[in-house]
Amino acid sequence: MPSAGQQKSGTLYIVPTPIGNLEDITLRSLRILKEVDLIAAEDTRHTKILLNHFGIHTPLISYYREKEVERSEEILHRLQQGQNIALVSDAGTPCISDPGAIAVKLVHEHGLTVVPLPGASALTTALSASGITATSFLFVGFLPSKKGQRRKLLAALAASEHPIVLYESPHRIESLLSDALETLGERQSFWARELTKTFEDLQHGPLSELLAKSRAGRNRGEFVVIIWPGVQEEVQGQTVEELLLWYRDNSDLSLKDVSRRLAADLGLSRSQIYQQALTLWKEAD
Ligand code: SAM
């Protein structure tokens, strides 16, 4: 317990809100939004609609991108005075391609408590429906709006071995897909549009097919786009020895990564393959 005159600091709660369907808010999120002293919202008008729907009357302050630094200091000050504050964005999880991270960083730096609540996010919702079997992915969020910068970043991502996950708005979906096709070549892709809403739309297909679809229809709603890694050159070789030499001459993978991959593909011991690779790669030098 804080001693008399010493004020206990408040807590900053990070509260996800629905990305469409209002039922997708958790019971805990509703309770925290009710109990805190203040809600810092990306757009107070937007959040008011949500709060009215659930009969919550907590006071609001705005916390938007252009005022992040200023508002973060205000949030810190109020926390230091003992207020509990919930941070929300317009939709989904704050700080994920949304404002919030500057406040969170500042609050951590001052040793105060940050409590994140799990909940809706377009990223995880889309991924769960994509059928991606890879255990890793590369989340990029929004690509730059300028064409040159967008293509440059896409080119830098071309060699990624992980599926690339992107956010896109309806008016830029066509240029995103067209730039992706030109920069990365044909690849398997997926879009999740209007997730959790009435016209939810999940589409798989080569980039050229999704591009044609985006050209044909009215692109209502927001998109999450996933682009599969490029098809790697087919590995040549029958025996472990041949495969090891192929990897040495045709890939940038380290000896350790090659051993790990071959061990998994062939169901053999990794250390055994690693030892064989060490000898072989040395002999072939
Ligand atoms: N922080 C949010 C989250 O956790 O999902 C994302 C905010 S970001 C400003 C908005 C982008 O998220 C949209 O442009 C779109 O790419 C994606 N998004 C949000 N809601 C969506 C929905 N219902 N369906 C598909 N994508 C959505």
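Both counts, for ligands and for their atoms, begin at 1 and track the order of listing.
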> So, do Phe190 and His204 have ring centers that fall under 6.0 Å from each other?
Replying inline: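 Distance test on ring centres: under 6.0 Å, yes.
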>> Going by salt bridge (charged side-chain N to carboxylate O under 4.0 Å, His left out), name the pairs with one or both residues in residues 106-117, residues two or more places apart or in two chains.
In response: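 Every salt bridge (charged side-chain N to carboxylate O under 4.0 Å, His left out) pair that includes a residue of residues 106-117, provided the two are not neighbours, is Lys105-Glu109.
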>> Once ring-ring contact (aromatic ring centres under 6.0 Å, His included) is applied, what residue pairs with a partner in residues 27-57 remain, sequence neighbours excluded?
In response: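 The answer is none; no pair qualifies.
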>> Considering only residues two or more places apart or on different chains, which pairs with a residue in residues 81-135 satisfy ring-ring contact (aromatic ring centres under 6.0 Å, His included)?
In response: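 Listed by first then second residue: nothing to list.
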> Any ion pair linking Arg151 and Glu182 (charged N to carboxylate O, less than 4.0 Å)?
Replying inline: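 Looking at Arg151 together with Glu182, the answer is yes, because their closest N to O distance falls below 4.0 Å.
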>> Would you say that Gln188 contacts Pro229 through its side chain, given a criterion of any heavy-atom pair below 4.5 Å between the two side chains?
In response: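 The answer is no; the side chains never approach within 4.5 Å.
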> Can you name the residues that come within less than 4.0 Å of ligand 1, going by heavy atoms only?
Replying inline: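 Heavy-atom contacts below 4.0 Å: Ile19, Ala91, Gly92, Thr93, Ile96, Ser97, Asp98, Ser121, Ala122, Phe142, Tyr167, Glu168, Ala192, Glu194, Leu195, Lys197, Glu222, Phe223, Val224.
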